[in-house]
Amino acid sequence: MMSIKTIGLCVTAAFLLACASNTKPPLEASPAVEKTPPPIVAHLPHRIGGYEYAGFTEYGPGLGYSLRYIKKGLQGNYADIYIWPVPKEAQKYSHEEIVYGVTEGSLQDIYEMQNRGIYEKVELIDRLAYGSSEQLVTMHRLVMLRENRKTLSFLYLTEYQGRLLKARVSLPDNEANRSSDEVKQFVLEIFNRIIANTHER
């Protein structure tokens with residue numbers, strides 16, 4: 001059971017994640033080519049695990065940014081990597097409390113999008129946690145209807161040195177995609193690369 005402190009953290013997380021939710025379809029080019037990319041982009045390969053970097057979106061002071069990766073030629077197969085600072089009011093909590101609290105806030109954000117009609121028939125089919133209380137990564141796998149297509153959606157989340165990292169990966173729901181480890185490998189690799197370059201904000 002989650003502590004009262006962690007539940008309180010969820011309220012803050014849900015608000016921030018509502019601002020940072022990307023509900024647009026995958027892009028074939030950078031959505032912000034006229035702006036300077038975040039410094040971390042220079043330290044990430046253009047292609048990771050079959051996904052190619054396609055651009056970034058900034059959300060304003062304190063809300064961070066996201067990086068878009070796509071699988072070219074495969075409709076509905078893309079990933080958004082969100083990076084933003086831990087809110088000041090949450091910094092007093094432990095790493096584990098922050099990760100679990102923001103994870104719950106992210107799930108509530110998904111269900112809120114269902115209430116707004118962006119998603120339909122959201123169903124949680126799997127949840128896991130990797131690592132330890134010092135470096136925890138949570139994973140939730142969901143299925144939903146999005147634009148009348150059955151979609152498999154992965155939510156990964158962790159925190160490192162005051163930065164939150166969230167991955168939302170969407171792909172068509174089928175048996176091959178459900179049984180593949182490709183999404184896990186991609187997310188953990190990009191999380192590790194971001195953490196290794198954590199000085200690049």
Side-chain angles (χ1 to χ4, degrees), residues 2-27 30-44 53-69 78-116 118-119 131 133-140 153-170 187-188 190-201:
M2 296 177 66
S3 69
I4 294 174
K5 287 182 178 180
T6 307
I7 293 171
L9 177 59
C10 292
V11 176
T12 300
F15 170 77
L16 290 173
L17 290 166
C19 296
S21 296
N22 191 338
T23 59
K24 296 179 180 178
L27 304 172
S30 169
V33 292
E34 74 281 0
K35 295 182 180 179
T36 302
I40 191 64
V41 172
H43 298 270
L44 299 175
Y53 174 69
F56 68 95
T57 301
E58 294 179 324
Y59 298 104
L63 296 176
Y65 56 89
S66 64
L67 310 176
R68 168 63 62 94
Y69 285 81
Y78 60 98
D80 290 306
I81 311 300
Y82 299 88
I83 305 172
W84 77 105
V86 174
K88 288 182 180 179
E89 57 269 38
Q91 292 174 4
K92 60 185 177 181
Y93 298 110
S94 70
H95 166 77
E96 189 173 15
E97 286 177 312
I98 289 171
V99 171
Y100 280 125
V102 178
T103 296
E104 289 300 317
S106 298
L107 287 170
Q108 290 305 312
D109 188 45
I110 291 171
Y111 289 119
E112 176 58 28
M113 284 194 245
Q114 177 178 238
N115 292 339
R116 288 159 47 194
I118 297 169
Y119 305 148
S133 59
E134 287 76 33
Q135 189 58 58
L136 183 69
V137 179
T138 58
M139 185 285 292
H140 288 72
S153 182
F154 291 83
L155 167 66
Y156 283 82
L157 199 138
T158 192
E159 178 270 342
Y160 185 75
Q161 293 189 1
R163 282 199 300 176
L164 290 156
L165 308 178
K166 182 180 77 165
R168 281 291 308 277
V169 184
S170 298
V187 172
L188 294 183
I190 200 167
F191 276 7
N192 285 334
R193 287 177 180 270
I194 292 170
I195 286 171
N197 292 279
T198 194
H199 59 285
E200 297 295 348
R201 298 286 172 172

Chi angles and distances behind the side chain to side chain contact (heavy atoms under 4.5 Å, CB included) call for Trp84, Leu63 | CA-CA 6 Å; Trp84 77 105; Leu63 296 176; 5.7 Å; no

With sequence neighbours excluded, what pairs up with Tyr156 under the ring-ring contact (aromatic ring centres under 6.0 Å, His included) test?
->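 ring-ring contact (aromatic ring centres under 6.0 Å, His included) check on Tyr156 returns nothing, list empty.
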
Run the side chain to side chain donor-acceptor pair (under 3.5 Å) test against [X] and tell me which residues pass, sequence neighbours left out.
{"X": "Gln135", "answer": "Thr158"}
{"X": "His95", "answer": "Glu159"}
{"X": "Glu134", "answer": "Ser132"}
{"X": "Ser170", "answer": "none"}

Mind running side chain to side chain contact (heavy atoms under 4.5 Å, CB included) on Ile40 and Tyr65 for me, showing each step along the way?
-> CA-CA 11 Å; Ile40 191 64; Tyr65 56 89; 3.3 Å; yes

[atom1] of [X] to [atom2] of [Y]: how many Å apart, nearest 0.5 Å?
{"X": "His140", "Y": "Ile110", "atom1": "NE2", "atom2": "CD1", "value": "9.0 Å"}
{"X": "Lys166", "Y": "Asp109", "atom1": "NZ", "atom2": "CG", "value": "6.0 Å"}
{"X": "Met139", "Y": "Leu157", "atom1": "CE", "atom2": "CG", "value": "13.0 Å"}
{"X": "Gln108", "Y": "Asn115", "atom1": "CD", "atom2": "CG", "value": "9.5 Å"}
{"X": "Leu44", "Y": "Tyr69", "atom1": "CG", "atom2": "OH", "value": "4.5 Å"}

Taking all non-hydrogen atoms of both residues into account, name the closest pair between [X] and [Y] and its distance.
{"X": "Tyr100", "Y": "Thr138", "answer": "CE2-CG2, 3.8 Å"}
{"X": "Ile98", "Y": "Ala90", "answer": "CD1-O, 3.6 Å"}
{"X": "Leu155", "Y": "Ser106", "answer": "CD2-CB, 3.8 Å"}
{"X": "Phe191", "Y": "Ala167", "answer": "CZ-N, 3.9 Å"}

Find out whether Asp80 and Thr57 are in side-chain contact, i.e. whether some heavy atom of one side chain is under 4.5 Å from a heavy atom of the other.
->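 A side-chain contact under 4.5 Å is absent here.
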
How about Ile190 and Leu165: do any of their side-chain heavy atoms sit closer than 4.5 Å?
->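 In short, these two side chains do not touch, never coming nearer than 4.5 Å.
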
Gln91 (side chain) donor-acceptor with Gly162 (main chain) under 3.5 angstrom |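 Not at all, since once roles are kept as given, no pair shorter than 3.5 Å links the two residues.
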
Evaluate the criterion side chain to side chain contact (heavy atoms under 4.5 Å, CB included) for residue pair Val187 and Phe154; output intermediate values, then yes/no.
-> CA-CA 10 Å; Val187 172; Phe154 291 83; over 6 Å; no

Taking side-chain contact (heavy atoms from CB on, under 4.5 Å) as the test, write out the residues that go with Leu188, two or more places apart.
->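 Testing Leu188 for side-chain contact (heavy atoms from CB on, under 4.5 Å), a comparison that skips the adjacent residues, returns Val137, Lys184.
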
